[in-house]
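Let me begin by presenting the structure, written as structure tokens, before commenting on it.
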Amino acid sequence: MNSDILEQIYKLYSQQLYLYIFSLCRNTALAEDLLQETFLKAILSLPDSNKNVRAWLYMVARNLYFDRLKYEKHISREADMEQLKDLSSNQPLDRIIKDEQNKLLYQALNVLDDRKREILELQYFGGLSQQEIAQIMHLKPNNIRVLALRARREIRLWMEENGYDLP
């Protein structure tokens, strides 16, 4: 792959991709490592004929994350998993999320189960279409649509239960 093209791809997608990876692992160092591994894979194996580079990068990052989880489970079943869950996630995001509505949305997203949260993060923060998300998550686009609707409904309910007025 041409280094100029890779540099452009990195500039376009690295920040969004980092946020996505961080939302999965909640660990700054791991997110940075996985981001670098994702772009290393892009250098080594991204086909020139690939029409949707962004979706491919998200899929590679997601697969790397889950591969890492499997590896860590194999090494030490419970200690490593608890460490990943317990790490604080607010510090890096506080620098990025500036206004109060986004913080509220972030809190509401954390109430969702992992699959629904991931779909909304890919859709709204990653800017991916439901078709692209379906490809990344190995689901049908209709399933993505239904899960996204349910997730938005759960967020609305959570916000109403916590005293936030919604239009």
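For the pair V60/W56, a side-chain contact is recorded, criterion being any heavy-atom separation below 4.5 Å from C-beta on. For the pair R152 and I155, the minimum side-chain heavy-atom distance is 4.5 Å or more. Side-chain contact between R156 and E160: present, with at least one pair of heavy atoms (C-beta onward) separated by less than 4.5 Å. Within the 4.5 Å cutoff, no side-chain heavy atoms of F22 are placed close to those of E32. Contact of the Y18 side chain with the Q15 side chain is not registered, since no non-hydrogen atoms from C-beta on lie closer than 4.5 Å. With contacts defined as side-chain heavy-atom distances shorter than 4.5 Å, the pair N110/R26 qualifies.
Screening E132, E118, E37 against R62 for a salt bridge (Lys or Arg N to Asp or Glu O under 4.0 Å) leaves a single residue, E118. Paired with L35 under the rule side-chain contact (heavy atoms from CB on, under 4.5 Å), one option of L57, I21, L19 passes, and it is I21.
There is a path of hydrophobic side-chain contacts, each under 4.5 Å, that joins L12 to L34. Side-chain heavy atoms closer than 4.5 Å link hydrophobic residues (I, L, V, M, F, W, Y) into clusters, and following such links, even through other members, never connects L149 to W158.
Rounding to the nearest 0.5 Å gives a distance of 13.0 Å between CZ of R150 and CG of L112. S129 OG to L122 CG: the interatomic distance, rounded to the nearest 0.5 Å, is 10.5 Å. Distance CD1/I133 to CG/L128: 5.5 Å, rounded to 0.5 Å.
A donor-acceptor pair under 3.5 Å is formed between the side chain of Y65 and the backbone N or O of L24. Side-chain atoms of Q36 never come within 3.5 Å of backbone atoms of D33 as a donor-acceptor pair (strictly under, hydrogens ignored). In terms of modelled atom types and a separation under 3.5 Å, the side chain of R68 and the main chain of L30 share no donor-acceptor contact. Using a distance-only test at 3.5 Å, with no hydrogens or angles considered, a donor-acceptor pair links the side chain of R54 to the main chain of G126.
The two residues L120 and A151 have their closest heavy-atom pair at CD1-CB, 3.5 Å.
Applying the 6.0 Å contact sphere to CD of Q131 captures no more than 12 heavy atoms from other residues, nucleotides or ligands.
Between R117 and E121 there is a salt bridge, with a side-chain nitrogen of the basic residue lying less than 4.0 Å from a carboxylate oxygen of the acidic one.
Residues passing the ring pair (Phe, Tyr, Trp, His ring centres under 6.0 Å) test with F39 are Y10, sequence neighbours excluded. Q123 is linked by a side chain to side chain donor-acceptor pair (under 3.5 Å) to nothing, counting only residues two or more places apart in sequence or in another chain.
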Residue pair E7, K11: steps toward the salt bridge (charged side-chain N to carboxylate O under 4.0 Å, His left out) verdict: CA-CA 6 Å; E7 187 176 335; K11 285 180 183 177; 3.4 Å; yes
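For the residue pair R115 / N143, no side-chain donor-acceptor distance below 3.5 Å is found, with atom types taken as modelled.
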Please set out all donor-acceptor pairs under 3.5 angstrom arising from side-chain atoms of residues 135-142, sequence neighbours excluded.
from: N142; atom 1: OD1; to: R145; atom 2: NE; distance (Å): 3.2
from: N142; atom 1: OD1; to: R145; atom 2: NH2; distance (Å): 2.9

